[in-house]
Each structure stands twice: as C-alpha cells, then as structure tokens.
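Working notes for the structure below.
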Amino acid sequence: MSLKTPFKTLPQSQEGVKSPANSSVRALARRAVPGLFTLAVGLVLAVILIEAQGYQALPTIMAGLDYAVGDATSIARTLAWGLPLIVATLGVSLAYRSGMFNIGAEGQIYAGAMAAALTGAYIGPMFTGLHLFLCLAVSAVVGGAVAAGLGWLRAVWNVDEVLSTLLSNYIIMLFCAYLATAPLRDPARQSGTTRAVHDTAMFTELIPSTQLTSALFVVIVLCGATWWLSERSVTGYRWRMTGESPAFAAASGINVRRSRIGSMAVSGALCGIAGALLVTASQGRFWTEIGTGIGWDAVLLAMIARARPVSAIIWVLVYSVMRSAARGIEQVSTVPSEMSLILISGIIIAATARAGLFTRLAELKNRYIRSEGK
Amino acid sequence: MELLNSFLGSGVRLTTPILLAALACLPTQWTKDLNVGLEGAMLFGAFGGVVFGLAFGSGFAAVTLTIAAGILSGLVFGWMITRLNVNVFIAGIVLNIFAGAATVYLLRSLFGVKGTLSAPGIPSLPTYRIPFIDGVPILGPILSGHTVLTYLSWVIVAVALFAVKNTVLVRHLKAAGEHPAALAAAGGNVQRMRILAQVWCFALCAIAGAQLSIGQLTLFTEGMTNGLGFVALAAVIFCRGRVLLLTMMSVVFGLASAVAIQVNDEVIPPQIAQMLPYLIAFIGLVVLARTSKDGGVRIATPTMES
Amino acid sequence: MASNSTTATPPVLELRGITKTFGPVIANQDVDFDLKAGEIHALVGENGAGKTTLMRILYGMYQPDGGAIAMDGQPISFKKPIEAIKHGIGMVHQHFMLVPGFTVAENVTLGAEPRKRGLFDHGAASAALVDPMKRLGIELDPDTITGTLNVATQQKLEIIKVLYRGAKIIILDEPTAVLTPQETEELFVLLKSLAKDGASVVFISHKLREVFAVADRITVLRNGKTIETFVAADTDAAAVVASMTGRTDVNLGRVQRTEPGTSTVLEVSGLHTAKHGSDAALKAVSFSVRAGEVLGIAGVEGNGQSTLAETLIGIQSMTGGSIRLSEADLGGLNVAERRSRGLSYVAEDRHLEGIPLNGTVLEGITAGLIRRDSSAAGLGRAFPRTVRHWATHMITKYGIKTSGYDAKCSTLSGGNQQKIVMARELEDKPECIILAQPTRGVDLGAIEFLYNQVAEATAAGCAVVLISADMDEILRLSDRVLVMYGGEVVAEQRASETSREELGMYMVGAQTMKVNK
Amino acid sequence: LGLGLGLSLTACGGKAPTAAGASADGLKVGIFVDNAFGDGDFFDQAGVAVDSLKSDLGATVKTYEGQLQAQNFAPMMQDAADANDLVFVLGYEAIDAMDSVAERNKDTTFVFIDGTVDNPEVISAGFRTAEGCFMAGALAGVVGKDKSAAAAGFIGGANAPVVKNCETGFTSGVSNVAPDMRVLAQYVGSFTDPSKGREVALGLENRGARSIFAYAGLSGAGAFDAAKSGADIAPIGIVADKSALAPGKVPGSLIMRVDKVMENMAQEFVDGKLKHGEQRSYGFAEGGWEMIYDDKLVPADQVKELEALQAKLVSGEVAPDGK
Ligand SMILES: Nc1ncnc2c1ncn2[C@@H]1O[C@H](COP(=O)(O)OP(=O)(O)OP(=O)(O)O)[C@@H](O)[C@H]1O
Ligand SMILES: Nc1ncnc2c1ncn2[C@@H]1O[C@H](COP(=O)(O)OP(=O)(O)OP(=O)(O)O)[C@@H](O)[C@H]1O
Ligand SMILES: [Mg+2]
Ligand SMILES: [Mg+2]
C-alpha cells in the first residue's frame, strides 16, 4: 500500500517552509485583533451601561471583576458556576459538527438532571464513587437517548431537527415539572422539588463554600475526551464530514445515519451530564427551574465558538466571569445583573459582525481613495 | 355553551399574538433569513407599547410609535445580517437574550421598578363589540369583542394571501431566498428584499407585543411573552412558507393554549396541558416529514462559517 | 496576431484594458475584447483564465479595477446587472439563474414583471413568452414549475429570459456543458439565427469542436490576459489549444491505452431501481466490464446514468437484479463494504459528493485511506503523521495546486479539486472504478493528466465504467459504449466502430438496437 | 479608541460603588429572595421592610436576588452570611442552599420566611396559609352573595402544596358565609404569566364566578387587569393592597405582613431574644395576616360580619380547613 512509501524524503507540508520570525509576530498580532476588538466593544458597552445608572464605570467594573476573579475563592465560585455550562456547550458543539443543530440542550439538561436526582435519591446510599458514577451514567443515557431519538427522526425520517429539538425542550421541561410537582414530589416540601439525593450522590467540595467540587476533574476529563473525539479521532472525522457535506460522506462510505444519530447521542449524553452536575455538584435535588437558560447559553456559546471545543471552553469561561462580575456589580450598585446578558449580546454581535464591519470600512476607504484619485 | 363561548373567545385572544408573530416571521422564511428572535422582538414590542403609551397617553400613539421603533430595529437588524454578514440564527438567539435583559435594564433605569410596570396611565386598546353578532353563541365570541389588532391580524392574513398570488414584491422576496443570484442577475435587489423582510418582521412583532401589553393587558411584565415567540416560530417552520397553513397552525396553537387554560387540573395536570401546543407541533412535524415531499426540507439552517 | 483591426464594421461593444483582482488573485489583467453586430464571438481559456469574471464585469456584477467599456462608441459603466440589461445585454450564466419553485412565466419575467395596477399580471406574463418561444421554436407551459424541468429545457428557458428582456448582446457562459450533441446542435442553429437577426453573441466553452462549429471569432484568455483573437475560419484547433495552454503537444485524439484483459470484473444483470429525484429509474440494466476495459455509458442526462452510478456504489438501493464484483455479490452491502471489495467511485457532482467543499484538502483526499485503515477505527487518530505525509505525497504526485493540505477545498480550482477526487479513488487501487462526468468543467491540461491516470489504472487491470455526457470523452477513452435511454440500455457498440452521430440517434431514443440482456 | 475609553472611564462622574464589605457599625441585615423583587407580591412585601429596618433599627440592609438561578443560591447565600448578622430568606427553592450555608456560618442568624424548616440553625417563620385564605374566601363569599353569584373563583399559580393549602382555606371561607356557592379553582401553570392569568379569570367569569382570588404571583395581575378592563369580577388582593391594580373593583385584600414579621424579628434579634432553631407560626392573631376592606364596595355591616368571623377564626371557634 502506498502508505509504505518512504516519506522521509518527501518535502514537509509547505507551511513549515515559510515562517520568518517577524511574520509570525505579525500573524499573532493579526490573530489578536478580533479578541481586542470584541474586548473593546464589551468595555465600551459596560462603561455606557454603568454610567447610565449613575456609577463610576471603572471602579464598578473593578469591583465586579474582584468579585468574579479577585481571589482563589472567587475564582473557584466562578469556575464552579461554569462547569455544567462547559459540558453542555461541548455537547452542543459536538452535534453541530455533524450538522445536527441540537437546540434541545435545555430539555436534555433537564432530563439529565431529573435522571440524576432520581438515581441519587431512590438508589443507594452506596459507595460514593459508584453512586456518582451511576448518577452521571444514568443521566448520560437518558439525555443521550432523548437526543438520539431526535437524531434518529432526522436521520431516518428526515424530521427537521432544529424544530424537533426546539419543541422537545418544552415537552421535556414541562414533563419534568409535572413529575416534580406531582408524582415524585418531596412530600416534605411545599414546592415542586424531588427528594434530596443521598450524600453519597454528591461531589465533595474542594474549596469550602465555593461549590467547586471534585466534579471539576470529571469536567476536565470530559473536555479532553470531547476535544479528542471531535477534532482528532476517526469518529470525529466522520461526524465532521457528515456535517460538512452529507453527500460527500455518503459517497465516500461514511454511514451518515450512524454519524448523525451517534453525534446526537453523545451530544445529548453530555447535556445530560451537565444536568446531572447541576444536581450532584450543586443542588442536591431536582426542581422545576433547575437549569433555566443554561441550554440556550450553551447553544449560543457553541455557535459563537463555531463548534470548536477549545474555543467553546474559552468562551464559556469568559461568559462565566462576566456573569459572576455582573452579580458582584449588582451587590455594590444598582446596576442590574442583566447587564452581563446585554454585554454578552453586544460582544457576540460585535464578534460576528467584525469581519463584515471591517470589509465595509475598507470598502469605504477604497471608495474614498478612488474618488480622491479622480 | 357558556364554556364553549368562553373557550372560543379565549382561543381568539390567545391566537392573536401568535398569529401576528408568525405572520411577522413568514417573509423572513421566504428570504431564507428565518428570524428566530421573535420572542425578543415581541418583548420589545410589548415594552414599547407600555412606554409609548405612558408617554403619550394614547393607545393609538403607542401602537404607531411601537411600529415605528420596530421598523427602525428591523432596518438595523437587516443591515447587520446583510451588510455585516452576521449569521441570522445567531442574531436571532442573541436578540431573544438581549431583549430579556434590556427590558429589565430599561424598566429599572426608566421607571425604577422591577418585575411589573403597571400604572394607571397606561392606555389600553379598546375592544369592539359588533352589535348583532355579539350575542350569537359561537360566532359572537369569535368575531366580536376584540381589539383592533386582532382584526388587523385577520386583515393581514387576507392581504398576505392576496399578495402571495398577485404581487411582484412577494415574488422577489421568495426569489431572494430561493435563488438570490437569479434575482440579482435579473436586476432585482436581493439585499433590499432581505432587509425588507426583517423590517416587516420587526414591525409586526411590535404589533404582536403591543397586543400583549396594551391590548390584552395594561401592564408590562419581565419576560411577558412567555414562549409565545417560539410557538409562533414553530408555526412558521411548520407551514413551509404557506400563509393558509400558517394561519391554521396559529389558530390550532391558540386553541390548544385555550384548552390548557380552561381544563381543570384534576382532569389534566397544568404542566401536561401546557405541553399541548408543543406536542401538537411535534407530532405534526413528524407526520409532515412522513407524508409530504417537502416535509423533510429543512428551512432553518444555522450556518457555522464565519 | 490575427487581429480584427482591419475589418470595417465598428464594434458594438469594446472592452479595453480591463483589470480585476480578487484580493491577491488577478482574474483579469489588461483584457481587450470587442464584439461586432451579428457575430458569434467565442471566449476560450482554461479554468480560472478569467472568462466568467470578464463577462460578469460586462454584465455589471463586478466592478472593474481598471479599463473602459464602450458601447456603440459611447463609454459606459454598469453598477448593477439591471443597467446592463437596460442596455440590451443578456447573460446566460454558467450556473442556472432560475428559481426552482417559480413557474416558467414567473422565472422569465423575474425582474421585469408585467404589471396591471401595480400587481403581477399573470395573463401578460404568459403572453410575453409566446414570442420568444416562437423564435426559439419551442413550446412550454408557462405554469410549469421550473424545478421539474430537465436541464436542457431550463437552458432554453434561460435564453427565453434573455430574449424576453430584448437583449441585443447575448452572453452564454458554458451553455453546452449540460446538453446532448443534438441539443447542442439545436442551440447552435438558434444562436446563428439570432446572430443573423443582428444580435451579437459571446459564447464561452471548453469544447473546441463546438467553438469551431459556431463561432465567427475566437478570443483566447490565459491567466487573466488576452492572448489572441482568431478569425475562426482562418485557424484550427491546434493553434487555439496552443494559445490556451501555451503548449503545442496537447493530445486531442484517442488516449493511448493497453488492450483490455479477458476476465470479467463487474457483472450487472437485470438491475431495477425505484424512481428517485429527477433521474429515470433503471429497468433491467445488464452489462459486464472486463479487467482493464473502459465501458463508456452515454446518454442524455436524466436517462438513468446517475441512478446507475449511485446504485452501483450503493447510495441508492436496487429493487431487483444483481451486481457482482469479481464473482462476489454486492447486493446487500453498503457503500463502505462495496468500496472495501474493490469498487471506487468518482461522483458526478464534485462540489456535493466529490470533496468536502469547506473541509481541508487533507480531509478530502484521505477519506479512502481512513476508511481502509481499520486500526484507526473509532477513537483512534484520524490523521497520524503517516497519513499526512501520504497526503503531501499525493499532492505532489498528482500535481495538485494548493497552498498545502490544510487549505480549504473550496479555494482550489475545479481541475485541482477533481485531482483530489481522482487521487483518492485511484490510490484505493480498485478492481473497478465508476467515473461519473470525471472532467466536467475541467480544463484541457488537467483533462489530459486525468486521462493518463485512468489509462495507467486500466493498464494495471482496473475495470472502468465511464459515465459521461461528453461524447468526445467517451470516444477518446472507452473500448465499448452503452447508450441509455429512459432507464434502459438501448445500444451497445464498440467505440472504434461507431460515431457521434450514430450514438446521438440512440441517445434521443430515435433508434434502438437489441442488446443482450 | 484607547484614549477615548480612558477619558470616558475617568471623566464621567457618578457614584462610587458601595464597597462590598462595608463595615458600618450597627445591625446588618440581608434579605435573600430565590427569584427577584418586582413580583408585586411576596418578595416586594418583604422589600417594604427595608426602609423601616433602616429607619427604625438603623440597620444596613442588603438584598440578594437568586433570580431562580439555582447555581447562584449557595454562593450568594454565602455572601449574605459574610456581610450580615441576620439574613432573611424567602423562597422555597433556597432552602437547601440556606441549610448548608447556615450550618457553616453559625455566627449568622438565618430566618426562613413562610415555611417551616427543620434545621437547628435556622429560625422558621411560617404563615398559616389556610387561615389567611379562609378570610379571603369569606370576603369572596360575601361579595359574591351581593352579586348573587353561583360561584367564587380561585386562581392558583401552580398546583403546589402551598397553593392547594390556600385553596382549601379559601373554599371553607366561601362556604362558611355562602354555603350554596361553588368554588371554581383553576391553575395557570405559571407565576409569571399575566396574560394567561387574565384568560383564566375571564373563563371563571364566564362560568359564573363574580369574585376571584388569585394566589398566583404575577399571573394574578391578569385577573385584576381583567376586572379593570370591564369584566364583571371582583378581584381580591393577596399579600399587599392591590386596589391600585383595578381601582374601584377590589373589595379588599388579604395582606401578608411579611414586613412586620421581619421587623419584629429583627428587633428581637437586637434584643437577643431570637433563638436558633425556633419555629414560629403566624396568623391573624400574631399579626402575620391582616384583612383590609374597601368600604365603598363592602358595606360596614358586612365588614363587621367579616371581622366577627375573623375573631372566631382566631379564637378557634371556626377552623380554617372547614372542620
Ligand atoms: N468572487 C471571486 N472571489 C475571489 N476570486 C475569484 C472570484 N471569482 C473568480 N475568482 C478568481 O478569478 C480567477 C478567474 O476566475 P473565472 O471564474 O473568471 O475563470 P473562468 O475563466 O471563468 O474559469 P472556468 O473555466 O473555470 O469557468 C480565478 O483564479 C478565480 O480564483
Ligand atoms: N466567491 C468566491 N470566493 C473565492 N473564490 C471563488 C469564488 N468564486 C469562485 N471562486 C474561485 O474561482 C475559481 C473558479 O471559479 P468557478 O466558479 O468558475 O469554478 P470552476 O473552477 O470553473 O469550477 P467548475 O468546474 O465548478 O466550474 C475557483 O477556484 C473558485 O474557488
Ligand atoms: Mg467560468
Ligand atoms: Mg467553470
């Protein structure tokens, strides 16, 4: 087979050939432009929003950042908040890569949270590691099954998954709400919550009163695994090709149905685990609003990260810091914490519009220069 | 009979904002720039209705100014997705999130309140009782006693049905979506069509929102659209560009919500009843994909490239 | 230079020194072109030579960076297509500019709709088609949905559109790529009659036979520059090819191949399929291909060739019959399994099935390698160093012009994209390869290279099924030719014993011969 | 850009943010709500206490809004514990977070409002919901009788136990004053959807209810709005005086004196009389509930009748669950 031809004598890929030092510096600078641009937009927006409320912008922002990342405890809290979101965002990204727009993250998170809450409360107590594993596994299976079912509908019956996943959100969330308020309600509670899980189904806190638990390690492992699966592995290649061009994938022998269902299953499983983390690393039980909005956050962050795992993780971290900072700002001023959502909206639009904006500007400049020349 | 009347009246009222939002979204589906930000646009509309209503003390002024603001926002949104190449799907989701946050922020900044803005100064749109029909069982609650915006939504349906058949504009809108290069090569203006669709979308969402805040109620509540935008979106995706089907779906959703409200919690738990519109849409989607040739065609394709 | 400066009639249209760049790419550089009333002027050049760009500038779709355009001696510049249309310029684009969901009448009148009281006038729209249709001698129901028409009819619709707009200057960008010889002939008759009526035609094509059949003058572009303008009657194909490629040794005749072997590799018998999409369903298709043999399959598009290709590789399922590859039944196998048994496939739509358009060259070229390499299944690494080196090797071996294997496939030209496909499929060392439209839109240099690769593969014993709409391609490459019509094989001939004209008769169903079933 | 930014950062004035751990002397009180203020209901009633706590006790008061983001509950609760001596917690969803934080921060006193929590570190202040709703029911019955209504309407936000409790009290209240009157109960399925609340109210009106009591948060505002825009229903207020929502239509309101309870407890805390683990229960007798009537809509004799009934309820002569 041609693989065995002596490669060593072949020229390396052309990239390696041309890279003098200063051009790489310039390339780095060019790469930094988008980041700086969005940062600047975010900062300007923040200043406006804070000043509009009658506060000094800089000290207020600093106070917020101090609250979010000021010391180890703050960082731990901010990170703890972001953990489930990271997992969910990676899950959504994974499906996006195979062209499956899993807008149903919210529903899958709820399904996973419910599954973990029930496993944690009605099974056990038992050895912690095992119990936690069981919780995560069950929620992964439940979230995965939901998503895989929707993926199957798309792959085999051609049911548009954008709409089916969107609708599944409401169906699942309302069904979970029904379970939590009626048959599976904790009788000791006045509102719609399930029973508390056993202590053995809770992650242990790493830093006291930060909610940063050993779930961190689970998330790190999941990050690594997802990155490998999506970007490096053969399966990831098949999924990406399916997303890129289903016709190409089919013609070159990739099982498109399997890729679609498989990627949805893993995507749903990750969302399910995100839900499980909400229970086992934080709430200790399911309640009707346990993950409100996380699914949509994940969808948005996955899109803005263009479904690339590393970029998704970075975006989630930035987002977490912003949310946390806004909570801090709310405590020291009357600036509503909704500011963070306004900011992130602005930043995302700025990031996606940047290229277009620059082309428009360049166009204007050209037109100007041309008119000068005439 | 009383129960039926109340159910029908309720159904019509609940249908109105869904129908308006769905009609708003329709042209954006024709131009293949499906605006998924209906929820957000409606929320701004509802907010605008109350703010302008308070400022000018008249329902008419409130609706007019809200529509004007909608048109302006539509221009900006359209400019972003056409000239700045912002992905319309991302922009739509961002709009939803942005509207939720910005209305809260503004509510606080402008009025210093949280949650609900309810003031005696907020005007409400009058309802019209049609003299003879009003008392007729079934027909009465359907035809009589609604706000001008409800009747407007029916007029828009009729106009849309007519326009699809007989206007050049709708043809260009559809061409801009189905084969933009063809329209451009034939001398049409693709960008103008795409922007126009968004302007229409925002203007009608403004009306839908105003119907919520000063038509049905006379107050504004944070997040008062409560998922209506997504229900409307489902109707739009479902109808595949056809006005009549869109109208039917909106009515079905409206009636399903009415059922959910009227049914007793001992018969069906409220959560399950609330699920109804979504379940209907879901099952309909599957049936559509199985039975019709274009059922499987996806229309809402978010794209990932930058 | 066989320039036209001596001719008396002043040109209706003159382009002087046109320059257009796309970022770093210079698409047109100082291009001169002129057009006279009543002439058919062919524009030829290899892929990426800048033909389309030049015409788009003329049509107002692009703004030139430099140069001037004059019409009837008056300087003009078009900001938008509509301005060009108003000046009587019509363009039939390389890719159809028809809205599939619209009716014929709606498509033709798009952008210039007849109105009554501000509304679309259905009656007038239908009536407006009558005259252009009469001029072209065709009949079409104005209420037919365009998407349901076959390509040839859509092509005619494009011309009706141009005529409807009252164009005096008609640009056709590769209009014959999707037409049969007969349809091409019809088109030429039409163009000539239009020219006789005083219209001027710009005709872009890669097929020199066609150019010589129809054109009065021929302008050659190479690398964005005007090389030469020939008077068609005073020159020959070799001169034009030399001008296009800058080489004099391009082979335009039959490709040199070794004699085919005797053992049967692919055996298809009684193949039936259900109807799928716009292509015909297969009815009792039977044939066999020997090792080292090239079996050409000719036919008008839509007569089942695409279905045949997709059924052979396993994308479409069959409803009856059998496919055997070296005695093994491929019946219930999926694409991957068929490929593992030694079947390869070059898809007809390169951008859709051939390559991942937004993927990298690496991802496109290694598809087969990754599928074959079982050790990498599942969670293993998709692109270990060996695979990347192999890809680099292929890029050099096949002369693929790219900045590296990390380049996006969409940044490559059509010919280079096709080289990726061919490299991938041929390096699979298949027992049998199905080539569907392997050189569609590929320039002469690349075609020659690809043919040689096919010849090499047959020399190594590979059986080839060559499906092509290009009659020259079939006659240059194949040993035997089957003609398909309506999903059936209606003729079988040895390539050396038949002619374009004879095959053409079978292709349009005017004649059938008994074929062994 | 950088220059402009710098200028705007320094030049623009405005208040400085109040430092996070400001160490003013005196009592420091935190109020944590699991959702947010602005519900026009329970949480806002607690918010009423802020001013009086500041003025009467000279306390510094900080508020914390969980905004139903469960993940934030524990960290915010921890912030509240760090910054305050006394923390009032409102909202059932925050119980778990409060339990864990209270156990870790024994030097901070946590008071849970409107519920009973079994935790030796937390003080519970429960409201006898059925008792309060009983009087709302009695008012509904009286008003309905005047309009010779066949039924009284009850609108619930969700089918949760507290709401069910209230429905029970309401029903017994109605039947105590108007034994023949039916009670129509309907659940909105949300505490934040006024337009649905309005439709439910209109539905109840259609089925014969003339007085309506909405235990449904913001969704209840829809019932008032329906009355305001002409529906023939008398909406009864809950938690606060709701007459402004439908002027001239509200016969009375059942006021939940969350603010008073909080003030009193804060005073007791200052006096050192508050013991961790205590479980208190508030009704009309303890000043937890209070009825106010609109004397233009409810004649004086009826008010008297109702007040007498309330006295019986307090004395135990009448049971709120109708037994
Ligand atoms: N819109 C564009 N953006 C960037 N580059 C372009 C664009 N259009 C054309 N080019 C580049 O301009 C050059 C000329 O392309 P053009 O399409 O005019 O060639 P052509 O002669 O029509 O080729 P073909 O025979 O393949 O149709 C090519 O190198 C191509 O890469
Ligand atoms: N909008 C564009 N942006 C960048 N490159 C483009 C663009 N349009 C065309 N090109 C490039 O121009 C070249 C020629 O374009 P063209 O559309 O004529 O394709 P082609 O090479 O002729 O292929 P085909 O065989 O499909 O006609 C290709 O390299 C293509 O990548
Ligand atoms: Mg071209
Ligand atoms: Mg081409």
Side-chain angles (χ1 to χ4, degrees), chain B residues 26-27 29-33 82-83 85 87 158-194 196-197 239-243 245 292-299 301-306, chain C residues 55-56 59-62 78-87 89-103 105-123 125 145-148 154 157-158 161-162 164-165 171 173 277 357-359 408 410:
Chain B
L26 187 65
Q29 185 189 32
W30 289 337
T31 58
K32 298 265 162 70
D33 287 317
T82 54
R83 301 291 286 167
N85 277 328
N87 182 314
V159 168
L161 278 171
F162 180 80
V164 167
K165 243 186 135 37
N166 295 307
T167 61
V168 173
L169 181 68
V170 174
R171 281 193 172 70
H172 281 207
L173 285 169
K174 286 186 169 176
E178 221 176 315
H179 199 328
L183 180 62
N189 192 328
V190 177
Q191 251 173 36
R192 190 178 301 161
M193 289 303 121
R194 292 176 64 193
L196 193 68
C239 81
R240 321 249 156 209
R242 289 184 290 264
V243 181
L245 193 57
S292 97
K293 227 193 315 175
D294 60 349
V297 181
R298 38 190 308 164
I299 65 115
T301 306
T303 42
M304 204 61 74
E305 70 272 9
S306 58
Chain C
M55 289 304 116
R56 288 187 168 177
Y59 193 60
M61 291 172 85
Y62 296 150
F78 305 130
K79 293 254 169 337
K80 292 189 195 112
I82 189 73
E83 293 170 13
I85 294 171
K86 284 196 181 125
H87 278 84
I89 299 177
M91 182 159 175
V92 174
H93 296 266
Q94 196 167 348
H95 305 282
F96 288 144
M97 293 294 179
L98 298 168
V99 183
F102 278 19
T103 64
E106 286 173 334
N107 258 317
V108 171
T109 56
L110 183 68
E113 295 83 354
R115 299 179 197 226
K116 199 163 64 187
R117 271 177 269 117
L119 299 172
F120 184 73
D121 188 342
H122 291 273
I145 300 296
T146 310
T148 62
Q154 293 194 22
L157 202 53
E158 288 279 19
K161 234 166 90 174
V162 170
Y164 168 76
R165 288 298 188 90
I171 306 162
D173 195 348
L357 205 52
N358 288 314
K408 260 192 176 187
S410 60

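Not measured: the values here are computed from a predicted model. Sequence lines set the chain letters: A, B, ... in the order given, protein chains first and strands last, and positions in each chain run from 1.
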Which atoms of C/L98 approach chain B - backbone, side chain, both or neither, heavy atom under 4.5 Å:
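Contact with chain B: backbone only.
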
Okay, C/F96 and chain B: the region with an atom under 4.5 Å from a heavy atom over there is backbone

Can you tell me which portion of B/A163 sits under 4.5 Å from chain C's heavy atoms? Options are side chain, backbone, both or neither.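 Answer is neither: B/A163 stays 4.5 Å or more from chain C.
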
Q.
If I take atom CZ from residue C/R115 and atom CG from residue B/N166, how far apart are they, to the nearest 0.5 angstrom?
A.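 Between atom CZ of C/R115 and atom CG of B/N166 there are 12.5 Å.
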
ask   = Heavy atoms, side chains only, cut-off 4.5 Å: are C/F120 and B/T167 in contact?
value =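 C/F120 vs B/T167: side chains apart.
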
| message | Using side-chain heavy atoms (C-beta onward) and a distance below 4.5 Å, is C/M97 in contact with B/L183? | response |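 The answer is no, as the side chains (C-beta and beyond) never meet within the 4.5 Å cut-off.
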
For chain C, which candidate among B/G188, B/A181, B/G187, B/A185 shows the most heavy-atom pairs at distances under 4.5 Å?
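The answer is B/A185.
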
inquiry  = Evaluate B/K174 against C/F102 for side chain to side chain contact (heavy atoms under 4.5 Å, CB included), listing each step before the verdict.
reply    = CA-CA 9 Å; B/K174 286 186 169 176; C/F102 278 19; 3.9 Å; yes

Under 4.0 Å between a Lys/Arg side-chain N and an Asp/Glu carboxylate O for B/R171 and C/E113?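 Between C/E113 and B/R171 there is no salt bridge, as every charged N stays at least 4.0 Å from the carboxylate O atoms.
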
Smallest heavy-atom separation, C/V99 atom then B/A182 atom, equals CG2-CB, 4.2 Å

Answer key: most heavy-atom pairs under 4.5 Å with chain B among C/K116, C/H122, C/M61, C/K80 is C/H122

